Q: 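The structure follows.
Fair warning: this is a prediction, and the values are worked out from it, not measured in the lab. Note on naming: letters A, B, ... go to the chains in the order of the sequence lines (proteins, then strands), and numbering restarts at 1 for each one. Atom set for the values below is all heavy atoms of this structure, side chains included, hydrogens, waters and symmetry mates excluded.
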Amino acid sequence: MEINDKFLKPYDPKETEDKIYKLWEDSGFFNPDICVEKGVTKSDAEIFSMVLPPPNVTGSLHTGHALVLTIEDIMTRYARMQGKKTLWLPGTDHAAIATQSKVEKLLEKEGIKKKDLGREEFLKRVEKFAQESHDTIVRQTKKMGASLDWSREAYTLDEKRNLAVRTTFKQMYDDGLIYRGNRIVNWDPKGQTVISDDEIVYEERKAKMYTFKYSADFPIYISTTRPETKVGDTAVAVHPEDPRYKDYIGKTYVVEDFCGVKLEIKIIADGTVERDFGTGALGVTPAHSQTDAEIAQRHKLPSKQVINEFAKMTIGDERILNKKTTEAREIIVSWLKENNLLEKEEEINQNVSTAERTGAIIEPLPKLQWFIDVNKKIPNRENKSLKELMLEPVRDGKIKIIPNHFEKVYFNWIENLRDWCISRQIWYGHRIPVWYPRTKAELSSGQAENKKIYCNINPPEDIENWEQDTDTLDTWFSSGLWTFSTLGWPTENTDLKNYHPTTMLETGHDLIFFWVARMVLMSQYLLGEIPFENVYLHGMIRTMDGKKMSKSMGDKAIDPLDIIIKYGNDALRLAMIIGNTPGNDLKLNENDIRGYGKFANKIWNASRFVLEKISDLDLNNLPKLDEEDAISQEELENLIKEITKEMNEFRYSIVAEKLYHYFWNTFANIIIERSKKKILENNNSDSAKALLYLQLTILLKTLHPFTPFITEEIWQILLPRRNTGTTTQNSLAPVLMVEKWPND
RNA sequence: GCGUGGUUAGCUCAGUUGGUAGAGCGACCCCUUGACGUGGGGUAGGUCACAGGUUCGAAUCCUGUAUCACGCACCA
């Protein structure tokens, strides 16, 4: 085939990209073992390893994923071209609560309820959905050009990762790091599960604050936004030095009828009460408030649960019993008004806790749950706590966070960290590997005492006498193991030895606590080593009006796959990289992408020109450059030195911009234009041709991590010519992807 | 309340050891048998939020102010 046939048409990404990806995949070079086998990587080469942040199996890819895939593919391709043994490991995340609630919603549309199906049947539906999502995600990921080693693909809920999770749980349980405790937890009434502190999203809303007293003869007014919880009050707390209330401290008042409920209220003094807030007196509801529970514990106050898992009242007469909390609130407020107990009603701004996944308002409830103790000293880790294990490697510089200022954010989070609630009342996920004895007495009473429990990697042998805990684990528990569970841990193997700790962890800065910190925790605790040497945190992608891009935005959001069809993947990549610096959000707009599409066209046309002009050039025996051309070549070499340094400092935006400008303003506008004159006048035309060829090959290589498709396509056209040299040892690797980065 | 980041051309943003400000897009003008009309070339446009300080010299370092985001906590 004539080398210029393909160039007769403008560059068409639609026709090219799938074909090029297949070429890469078929070459096997995504897999570092094959690179070594086929001699493109030395067996003792330096290692570059990185895990892909596993996308949730909840649907399809969005621009956030496209950004991850672009940045990480640049990192990976650069490392591979530098001759490093390079592993970028793919996988997907079962995303427990997110996936389950998605399937529940789908079933709802068919009029099917989760509990009608039962646990097993429901899980089958979820697994089917997860599998379909997985397939879509993998297909789309390949469209993005990601050079991932698919032979090592993992899933957070597959058999190997399951073993890793159970092994971890068992070890933490034996070390006393995992415990079961009855505490006030964040209950999601919609999702019907507990969630961790990090899964709460605060929303500012207008709320009414009511100031009232429990009864006409009660001496103190209190303020609250949730009058319905007051039927669960057991005390009123005041500041010990507040002169207004000093005389009442220590007394107990019986309120015979608070909207049909009898209350016993003790007046206590607690230093945490703020005198200036409200009336300076706080009605203590130990069962439905975290801070009140702490006060109650200090003063040994009784706790009275008055709200259940469905956010309905469990106390009172027909007026409020079984009513929703919001209804009960109104009823109690009108009761207060009727009885002249309400002093004040004012509108305030309030941060309402909502569940990240379901959007429901969190109901604090006392519940028996599993926790990870972050403060307990661990004997076989030099008596350090999990908190210390998370803190140290970052503080000591063993883990470098880019951009640097996120280290402070990280420290700040650890300082305020409380025990991690890891149990969830949902069905999809890793079931907790704990079994309770099933005795006849317990079966008949329906109540397990849990005196003796069995925790192990595998179920007890006499399984018929045991019943497994019905809860599953927080999805981040398995995500925390990701850097090494993907490499086969807990089974000893060479992958784990070779590729762990990983070189780089690249993810969005919104995941620093959820994921990054949890990986440090798990790796430090289980392996006694860091999970990664570098953390690169990118920003969020926003629309032009500054909103976080999400699918619910409809037309305003950019769908990466639409963009690829319109402008090509290379254009999208450049738009995501140029002007994007770590930690900062990126406003993505279609105009920019269109502009970089033009650049791809420029590369295409310039390459056509070069290939036409060098058709008679002996590529294995290049003519000498004249003085002028030698200077140009030296300038490019200097540029390569600069950008190589910048690549090593992860400054991809700068590198892409410099290459863009060099290609357009120097290579196309100066060197090509000069060569036209030289070739036309046949004055040093050999030198001009040699320079065109040298510059183009270097530019294709250095552009390749950023615009892999078009550079590979051109390389493939160029290749037959390069490999027709007389000497076979001169022949090149079959794909640009494994060419050497032009360091020298 | 504690913490972090931003404020640079009409818009979106770069600008790392402090040395007379850059890009893309947009605007305007010119070119059109040229590798490229999904084009090319060019022009205009900025007391780098404000006020002090350090310095021969500050967008860059220090202090303070304003303002916009974000994170955490509180939320009676």
Q: Name the nucleic acid region contacted by A:Ala600, choosing base, sugar-phosphate or nothing; use a 4.0 angstrom heavy-atom cut-off, strictly under.
A: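 Contact class for A:Ala600: none.
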Q: What is the distance from CD1 of A:Ile541 to P of B:C13, rounded to the nearest Å?
A: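 In whole Å, B:C13 P lies 12 Å from A:Ile541 CD1.
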Q: Treat primed atoms plus P, OP1 and OP2 as sugar-phosphate and everything else as base, then score nucleotides 39-45 of chain B 5' to 3': B for base contact with protein heavy atoms under 4.0 Å, S for sugar-phosphate contact only, - for none.
A: SSS----
Q: Distance alone, cut at 3.5 Å: any donor-acceptor contact between the side chains of A:Glu294 and A:Thr291?
A: no
Q: Using the P atom as the reference point in each nucleotide, state the distance between B:U8 and B:A69 in Å, no decimals.
A: 15 Å
Q: Within the 4.0 Å heavy-atom criterion, would you say A:Asn351 contacts the bases, only the backbone, or no part of the nucleic acid?
A: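 Base, at least one base atom sits under 4.0 Å.
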Q: Can a side chain N or O of A:Tyr202 be found less than 4.0 Å away from OP1 or OP2 on B:A73?
A: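 Result: yes.
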Q: Select base, sugar-phosphate, or nothing to describe what A:Thr279 touches, counting heavy atoms under 4.0 Å on all strands.
A: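 Here A:Thr279 touches no strand at all.
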Q: In this structure, which one of A:Ile698, A:Val610, A:Ile603 forms a side chain to side chain contact (heavy atoms under 4.5 Å, CB included) with A:Phe667?
A: A:Val610
Q: Assign A:His661 to base, sugar-phosphate, or nothing according to its heavy-atom contacts below 4.0 angstrom with the strands shown.
A: sugar-phosphate
Q: If every non-hydrogen atom of A:Asp292 is compared with every non-hydrogen atom of A:Thr285, which pair is closest and at what distance?
A: OD2-N, 2.7 Å
Q: Determine the contact category for A:Glu673: base if any of its heavy atoms lies under 4.0 Å from a base atom, sugar-phosphate if only primed atoms, P, OP1 or OP2 are that close, otherwise nothing.
A: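 Base: the residue A:Glu673, judged by heavy atoms under 4.0 Å, touches a nucleobase.
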Q: Taking the side chain of A:Thr291 as heavy atoms from C-beta outward, which of B:C75, B:A35, B:A76 is closest to it?
A: B:C75
Q: Between atom CG in A:Asp197 and atom P in B:A73, what is the gap in whole Å?
A: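 Taking atom P of B:A73 as the reference, CG of A:Asp197 is at 7 Å.
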Q: Specify the residue among A:Tyr11 and A:Gln290 whose closest nucleotide of RNA chain B lies further upstream toward the 5′ end.
A: A:Tyr11
Q: Which ones in residues 674-691 of chain A lie close to RNA chain B, meaning a heavy atom under 4.0 Å from one of its atoms?
A: A:Lys676
Q: If you measure from the P atom in B:G40 to the same atom in B:G53, how many Å do you get, rounded?
A: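 It works out to 49 Å between them.
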Q: OP1 or OP2 of B:A76 versus the side-chain N and O atoms of A:Ser289: is any pair under 4.0 Å?
A: no
Q: Inspect the contact between A:Lys677 and A:Glu673 and indicate whether a charged nitrogen and a carboxylate oxygen are less than 4.0 angstrom apart.
A: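 Salt bridge absent between A:Glu673 and A:Lys677.
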Q: Grab the CG-P distance between A:Asp270 and B:A76 for me, whole Å please.
A: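 The distance from CG of A:Asp270 to P of B:A76 comes to 15 Å, rounded to the nearest Å.
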Q: Taking the P atom in each of B:G3 and B:U63, what is the distance between them to the nearest angstrom?
A: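 14 Å, rounded to whole Å.
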Q: Using whole Å, what does the distance between atom C1' of nucleotide B:A23 and atom CZ of A:Phe663 come to?
A: 18 Å
Q: Take the protein atom OH of A:Tyr662 and the nucleotide atom P of B:A23, then report the distance between them rounded to whole Å.
A: 18 Å
Q: Among the candidates B:A35, B:A76, B:C13, find the nucleotide nearest to the side-chain atoms of A:Phe609.
A: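 Of the candidates, B:A35 comes closest.
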Q: When the C1' atoms of B:G46 and B:C62 are compared, how many Å lie between them, rounded to an integer?
A: 25 Å
Q: Is any side-chain nitrogen or oxygen of A:Thr225 closer than 4.0 Å to OP1 or OP2 of B:A76?
A: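 Yes, because at least one side-chain N or O of A:Thr225 sits under 4.0 Å from OP1 or OP2 of B:A76.
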Q: Looking at RNA chain B, which of residues 648-656 of chain A put a heavy atom within less than 4.0 Å of it?
A: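 Correct list: A:Arg651, A:Ile654.
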Q: Which part of the nucleic acid does A:Thr581 contact within heavy-atom distance under 4.0 Å: base, sugar-phosphate only, or nothing?
A: sugar-phosphate
Q: Find the distance A:Asp242:CG to B:A76:C1' and express it as a whole number of Å.
A: 14 Å
Q: Excluding sequence neighbours, so at least two apart, what forms side chain to side chain contact (heavy atoms under 4.5 Å, CB included) with A:Leu417?
A: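 With sequence neighbours excluded, A:Leu417 shows a side chain to side chain contact (heavy atoms under 4.5 Å, CB included) to A:Val374, A:Lys387, A:Met390, A:Trp413, given in chain and number order.
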Q: Does one side chain, of A:Asp198 or A:Trp476, offer a donor that lies under 3.5 Å from an acceptor on the other?
A: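 No - no donor-acceptor pair under 3.5 Å links their side chains.
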Q: Output every pair passing side chain to side chain donor-acceptor pair (under 3.5 Å) with a member in residues 563-575 of chain A, not counting sequence neighbours, ordered by first then second residue.
A: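 The answer is A:Asp73-A:Arg573, A:Lys566-A:Glu590, A:Tyr567-A:Glu590, A:Asn569-A:Arg573.
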Q: So, is A:Gln350 near the phosphate of B:A76, with a side-chain N or O under 4.0 Å from OP1 or OP2?
A: yes
Q: Base, sugar-phosphate, or nothing: which does A:Val273 touch, judged by heavy atoms less than 4.0 Å apart?
A: base
Q: Walk along nucleotides 1-10 of chain B from 5' to 3' and tag each nucleotide B, S or - by protein heavy-atom contact under 4.0 Å, base first, then sugar-phosphate.
A: ---SS-----
Q: For the pair made of CD in A:Glu203 and P in B:C72, what is the distance, rounded to whole Å?
A: 13 Å
